[in-house]
Amino acid sequence: MIKRFTMLLLLLVLGALFPGSALADDGPTVESNAVAIDTVWVLICAYLVFLMHAGFSLVEAGFTRAKNTVNIMMKNLLTISLGMILFFVIGFALAFGGDANGFIGIKGFALSDIADLDFGIPTYGFWFFQAVFCATAATIVSGAVAERIKFIAYVLFTVVITAFIYPVVVHWVWNGDGWLAQKGFIDFAGSTVVHGVGGWSALVGAWLLGARIGKYGKNGEIRAIPGHNIALGTLGTLLLWLGWFGFNPGSTLSGTTADIALIATTTMLAASAGTVGAMIVTWMRHGKPDLALTLNGALGGLVGITAGCAAVSPIGAIVIGLISGIILPLSVAFFDRVLKIDDPVGAISVHGVCGLFGTLAVGLFAVDGGLFYGGGVAQLAVQATGVVAVLAWSLVLGFVAFKVIGLIVGLRVSPEEEMEGLDIGEHGMEAYGDFMLRSSGVPGLMGINREQVTI
Amino acid sequence: MIKRFTMLLLLLVLGALFPGSALADDGPTVESNAVAIDTVWVLICAYLVFLMHAGFSLVEAGFTRAKNTVNIMMKNLLTISLGMILFFVIGFALAFGGDANGFIGIKGFALSDIADLDFGIPTYGFWFFQAVFCATAATIVSGAVAERIKFIAYVLFTVVITAFIYPVVVHWVWNGDGWLAQKGFIDFAGSTVVHGVGGWSALVGAWLLGARIGKYGKNGEIRAIPGHNIALGTLGTLLLWLGWFGFNPGSTLSGTTADIALIATTTMLAASAGTVGAMIVTWMRHGKPDLALTLNGALGGLVGITAGCAAVSPIGAIVIGLISGIILPLSVAFFDRVLKIDDPVGAISVHGVCGLFGTLAVGLFAVDGGLFYGGGVAQLAVQATGVVAVLAWSLVLGFVAFKVIGLIVGLRVSPEEEMEGLDIGEHGMEAYGDFMLRSSGVPGLMGINREQVTI
Amino acid sequence: MIKRFTMLLLLLVLGALFPGSALADDGPTVESNAVAIDTVWVLICAYLVFLMHAGFSLVEAGFTRAKNTVNIMMKNLLTISLGMILFFVIGFALAFGGDANGFIGIKGFALSDIADLDFGIPTYGFWFFQAVFCATAATIVSGAVAERIKFIAYVLFTVVITAFIYPVVVHWVWNGDGWLAQKGFIDFAGSTVVHGVGGWSALVGAWLLGARIGKYGKNGEIRAIPGHNIALGTLGTLLLWLGWFGFNPGSTLSGTTADIALIATTTMLAASAGTVGAMIVTWMRHGKPDLALTLNGALGGLVGITAGCAAVSPIGAIVIGLISGIILPLSVAFFDRVLKIDDPVGAISVHGVCGLFGTLAVGLFAVDGGLFYGGGVAQLAVQATGVVAVLAWSLVLGFVAFKVIGLIVGLRVSPEEEMEGLDIGEHGMEAYGDFMLRSSGVPGLMGINREQVTI
Amino acid sequence: MLKIEAIIRPGVLEDIKEGLAKFGIHGMTVSQVMGCGLQKGRTEVYRGTEYSINLLPKVKIEIIIADKHLDGVTDVVTKVARTGEIGDGKIFVSRMEDAIRIRTGEKGESAL
Amino acid sequence: MLKIEAIIRPGVLEDIKEGLAKFGIHGMTVSQVMGCGLQKGRTEVYRGTEYSINLLPKVKIEIIIADKHLDGVTDVVTKVARTGEIGDGKIFVSRMEDAIRIRTGEKGESAL
Amino acid sequence: MLKIEAIIRPGVLEDIKEGLAKFGIHGMTVSQVMGCGLQKGRTEVYRGTEYSINLLPKVKIEIIIADKHLDGVTDVVTKVARTGEIGDGKIFVSRMEDAIRIRTGEKGESAL
Ligand SMILES: Nc1ncnc2c1ncn2[C@@H]1O[C@H](COP(=O)(O)OP(=O)(O)O)[C@@H](O)[C@H]1O
Ligand SMILES: Nc1ncnc2c1ncn2[C@@H]1O[C@H](COP(=O)(O)OP(=O)(O)O)[C@@H](O)[C@H]1O
Ligand SMILES: Nc1ncnc2c1ncn2[C@@H]1O[C@H](COP(=O)(O)OP(=O)(O)O)[C@@H](O)[C@H]1O
């Protein structure tokens, strides 16, 4: 994470951290203008990251069944709301409030007591950007556990991940004193910090919950449970793609660096290559290009480039994106068919697996220090350390959290509720009141006209 | 064609309200850069506010029936288009073109003759921002009168509100010479100016039109008329939320103040708290968290913080948001059950009631002058004056306007048209040609399978 | 195309074209701030243009049938992905990489070897902006050929247009050395360069493919094939409208000019006037205001103002928008009824015809040089030259490309596939698995309940 | 045992249900259909092309009853569904051989 | 009085309506159904899993007619709906006891 | 020739199809209906107003069979569709006069 310290003064007058209204009489200076540019840039990028929540909502809803749409929307809405408040009260402090042994922050709860900290831009701006990131990590889980998790259990897990699991990892990597930061671990915008944490937590959740009723036949045959609104799913993916232009270039925390243009470019090219890569794989496997996996491929490319977006060349970005796009459908098949972990929207593969690959890829493709650019294996080793540490942390913490939550409130809705749909069961309403729907979810068959065949 | 911000003078050469092409050779200065940052910020924020129209469209469409979707989209489209042109030709002049007795502006029709006015940024930029605000106020009405108002009647009301009702209130509050501005009334981004005007006009409209057929039973029992697309309604709410990051922080009209970061933060926290507040209330009332009202709660929190977003602390914002979110479902129930005013999307409660609360809350929570911060009741009294004045103005003007329009063209479509849907009646087309819909609107029952019960 | 040369040094250190990380120690300067503002502005505008792809996807999907939704989404996704990669590898070089006879660029393939070129902002930023433009031109074609073109044929055409047809035209007009640029041809943001190329290519494609089955009866009667999701179509139009605020004001390539405010204003007013114009025409023709054509009218107004957005006055913009909006439904009727070219979404009329009008309109309405402002016919003549040249180029190249592609892979899917829908045929999946659809496409009738009548 | 099939306008269903409850009839099966008859369709416009729709949405109710309820049921339906305007719908009566309640296996009238 | 139930491919409906008009038959009720028979389904893929769909969309037309129209109606339907390929559909004929026109209360054949 | 109409819960269709295949019965027509009977509906809430839904989604299967298959078919359906809880559904049997295969013009039982 890049931070620049260009300001001479930090005036904490109700958010006026640089020559603002309070100092208007003095007029702008070169330095205040630079900070203003940085602030404007970071806020706008944060807005784009916020928009990713709309993207997540649509992707998750689109790729699941109509009878669970209300529930998915509610989960996403809660993730943002609760995530913001918790990250304000607790999470930010653990992530950025000073340091204890490189492991965790210790002050700044509710943003109090941090007048001494300088984030280059007004603290509220910095908080805002980090807060929308936090909610992103949490929301990744939502997709993997969709269509069967109890709403209250999901809410509780969101509390744990936004208030503790995620902020700690942020501290390790993005707080200068964090132990992974000290080792030189490069994860510019969060292939591992955000997507790894989200993806591996999603893995634990999906695994502990078990598959949706009907996903696997009595004899283990794999069945498709098609999503109900591919138009919205596509829109969601495009909104996520757009949001990534805030996610990655915004992670400079500065608009006064030319890096933002490079990062936007590597991000765009990796996403494009991921799309093409996934499309080609599905085309070859099934004789037809598959939209659902191709959309996942775009996201895979984006997750893949996130760690190295500022460190690799455009051509490196294309290669990373392409490989992510190729890995994606294979990973989806692996979890679906080999491990039989039911992940309705592919969250584990998109965020966990492509995030893992992308983080390692920095060790290979970094123009400065990457193996392929003559930099040896040192960086790669550091990258592997970071990946493994975060993976272990997320799996263990996630496991404990889900287990405890399961004990307290139970993880999974009843089979009757699952079949009728969580919209009725958890929220007492339907998403599409005026539309005739094909028969609602039933064991073994999502519609009256489906008979799945394993291939 | 390129003009740079290089001077302190404002030259009016076809839109070049400050340093124009002639001075390009002089290169940028600190001052011109500051103006450029402000201009870029205001434009981008205005774009986000524009996006709120997509949000409004989706919320309104999603929470009404499929048979009225085309009509709702058409109304929203018209509101923007007509609103822009009218605000250009008339509205801006009444709002910002000089002053007559603190009540109304008197020049600047079609932006002519205002070379002497300085808005800190290029006049076109200032106009643009104010214009998208204007359309926002107008569009609020659309939701409350949905599913029964004649298209032509709605168009005529849009003319009145964008050309007169709203601009006059803007003059009172946001033009330095306005009588409420002079009193020290604080409504930073328009809890009252925008949302109050919209919400109270909506109240008049919904009341004069009467309830939709089937909303209230023969014996006065209250019936639910579920919306047809909660997925789009949720997306719309998220787009509105995003747009608010332009609405509030953009109202600084400057990107070179640290206030923008504070305002983004208070806005985010209030929205989050509003969401949580409304969810908890519905959960307690019905045993299940209700998505429709929770979405409204997010908007309620946003409307609530709009007046005080720059004046309160983050914790103040959380409290204001939370209270707004709690008020919201109660207000919805009050209008629905006690007053029996049929407001399909909750516009009156979201914009009118939460806007009223938010404006008063400034008198309580303003760090500088609020009652809770030892500032006494002076500010609160001013806030109350403003709230009452705008309420009275909007109700009276709205009443007169709707009555006159009703006399000229009639307000309400025929019962047959209402039952068949306004899409066919007003526009001759359907929104979802390929989908099987549950039976189209019929008195007393919106679907073949509904039987409402009062609680 | 406007280029500014403010930098003294070009440091090609991995994209750091101005005081960025490499020079952070030196601190910001007035000049570096100005470049930073420009870069931030261009990137954000480019993001908005990227969002237009979501807009295009929704408009195209919304105004066609549910059975082709997956195919349309896949096409749009591919257009972006492939377009980006090809514009990186080839297109950019042909457009901006030096010059050969004013006709074509000759270097800069994969952005290599262009350290000597200065685009005012970091080259990656400039590339990024141009790349999203390129994909826009390509995607216009998608709508006109929808519901019948083979996926592979569309992919191949996308390769040709993004790698060759479009970049060459860009070179003519937006590269300072291009022959049309030299003549003084004004097409500020691409009424002709982008929309003309897209629209005329669309015309060739739609004409060569022939009409969709059922569009014209045995006796030549014209039939309606209603779109399946007008809500999404409206959202798409609003997203396009929003994207245009990046498209036009971003084409300054600079945020440090007051022009951005003027351009945003002319763009907004023209879109509004286009909406109103189209609505009035349809209201007069059919007795009811038609949403589908009114949405097209908004886009027509936007396309119309694109060429002259920086050259005309706000009132000029209203007139241009209004005329575009009036032309639009007439043009749609002309292609549909007279030429019997089946263009499901009106792409030819919106982009081709309104783009043509808008480009010519610069010769009439340009405050500086326009006929109506006493500038004589000189500019108009130049505008006509440019329009004709690009029209001829696009028609001829498009014709050759489609013909060759037709020979290699065939252009059109089988009638059986067309009737069943391209989603199943080309991609093996459905877009709306949980919804009951009215009967799937059948010759002569799109639903079981439709009987079209010519008027 | 008889089957009553009534093709009615959407929206009168609830009243019919109430009416039948008097006879102790609670079971019925409802589906959405499109109908044409004497009733005229409507005209729509799409992108400037007008077209007429002549199948209109109707609701079909199927009720299997014991013979003795025939008049009662048809009376209720007729009364509730009649507006007197074209498009009110029709009732068709046919004979059923048997009925089986899946849950219990009961047959005949006791299965209704 | 007879009921003709024809299960046909979507899309031939308009021609059938025209054909029946010759006999003065205008009333009919149409619904969307899914059918299986000899016709094979199709294969779809979702996220890498293939599955077959073996219920295909069909249209069901119900026409209640006087006995004398039986041959005329079945002829029209058969002619219009036949493509000669598997999946053309079937016509089923059954006897109706009565018909009532709700609007007027007319009974029997005059209610059709 | 008999028509078996079974109103069942959604989701047991595939098993019924398999069961019928034993008798060589492949043809059937399926539609989505809403039903009410002894089964209670459910309560939903919308914007603070509760309301009950008492028509529940069911699947209707229509199978035209030769008389001899009656017991076999009803047995299969009963067995597969029975959960023992209210709402399992019903089977109705009625007589058909004739069947025509549109593709070939075959009539009677050979058309099934
Ligand atoms: N002969 C028929 N066979 C099947 N359905 C019919 C027949 N006649 C009418 N219907 C159904 O009844 C509905 C109402 O018929 P219509 O003639 O419009 O009403 P009415 O004559 O009672 O005013 C039609 O829409 C159609 O669904
Ligand atoms: N025995 C039956 N009972 C009910 N419906 C049937 C029966 N046989 C066929 N059908 C219906 O007729 C449709 C066409 O049948 P199919 O056997 O595919 O056609 P064909 O034999 O005429 O080529 C099926 O999809 C189904 O809806
Ligand atoms: N008399 C009837 N006429 C028509 N359909 C009926 C009748 N009785 C029941 N049904 C259908 O059967 C379904 C199941 O009936 P229900 O009484 O709930 O089940 P059960 O008594 O077998 O537990 C109903 O939803 C309805 O569709």
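Reminder, nothing fancy here: chain letters follow the sequence lines and each chain counts from 1.
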Next item on the list: For C:D187 and C:V173, indicate whether the former's side chain and the latter's backbone hold a donor-acceptor pair under 3.5 Å.
Entry: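 Looks like no, no N/O pair under 3.5 Å.
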Next item on the list: Check whether any side-chain N or O of C:S251 sits under 3.5 Å from a backbone N or O of C:A189 as a donor-acceptor pair, and report yes or no.
Entry: no
Find the distance between [atom1] ([X]) and [atom2] ([Y]) and round it off to the nearest 0.5 Å.
X      : Y      : atom1 : atom2 : result
B:Y47  : B:F128 : OH    : CZ    : 5.5 Å
B:I149 : B:N71  : CD1   : CG    : 9.0 Å
B:W127 : C:L269 : CH2   : CG    : 4.0 Å
B:W41  : C:I37  : CH2   : CD1   : 14.0 Å
B:F119 : B:D38  : CZ    : CG    : 15.0 Å

Next item on the list: Return the set of residues passing ring-ring contact (aromatic ring centres under 6.0 Å, His included) with C:H228 (not counting sequence neighbours), or none when no residue passes.
Entry: B:F435, C:Y432
Note to self: Test of understanding: with ring-ring contact (aromatic ring centres under 6.0 Å, His included), list the residues that count as partners of B:W244, not counting sequence neighbours.
What the structure shows: B:H195, B:F247
Notebook entry, point to check: Does a side chain donor of either C:N248 or C:T267 reach within less than 3.5 Å of an acceptor in the other side chain?
Noted result: yes
Contacting region of [X] [heavy-atom separation from chain C under 4.5 Å]:
X      : result
B:F151 : side chain
B:H427 : both
B:L235 : side chain
B:V132 : side chain

Notebook entry, point to check: Run the side-chain contact (heavy atoms from CB on, under 4.5 Å) check on B:C45 and B:F129 step by step: do they pass?
Noted result: CA-CA 8 Å; B:C45 286; B:F129 189 75; 4.0 Å; yes
[X] versus chain B, the contacting section by heavy-atom distance below 4.5 Å:
X      : value
C:A273 : both
C:T234 : side chain
C:W241 : both
C:I263 : neither
C:L291 : both

Notebook entry, point to check: Going by an N to O cut-off under 4.0 Å, is there a salt bridge joining C:E147 and C:R65?
Noted result: yes
Check: Testing B:D423, B:L437, B:I424 for side chain to side chain contact (heavy atoms under 4.5 Å, CB included) with B:E430, which one passes?
Finding: B:I424
Margin query: When you compare the side chain of C:T256 with that of B:P28, does any pair of heavy atoms fall below 4.5 Å?
Written below: no
Item checked: Residues from residues 78-91 of chain B approaching chain C under 4.5 Å (heavy atoms) ->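 B:L78, B:I80, B:S81, B:L82, B:M84, B:I85, B:F88, listed by number.
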Check: Taking only heavy atoms into account, what residues of residues 54-64 of chain B are found under 4.5 Å from chain C?
Finding: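 Answer by number: B:A54, B:S57, B:L58.
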Check: Among C:L295, C:V40, C:L239, which residue forms the greatest number of heavy-atom pairs with chain B at distances under 4.5 Å?
Finding: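 Ranked by contacts with chain B, first place is C:L295.
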Checklist line | Closest-packed option against chain B by number of heavy-atom pairs under 4.5 Å, given C:A292, C:P289, C:A66 | finding: C:P289
Notebook entry, point to check: What closest approach, in Å, do B:S142 and B:Y154 show between heavy atoms, and which atom pair accounts for it?
Noted result: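 For B:S142 versus B:Y154, the nearest heavy atoms are CB-OH, 3.3 Å.
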Check: Can you tell which of B:L111, B:N229, B:L43 has the highest number of heavy-atom pairs within less than 4.5 Å of chain C?
Finding: B:L43
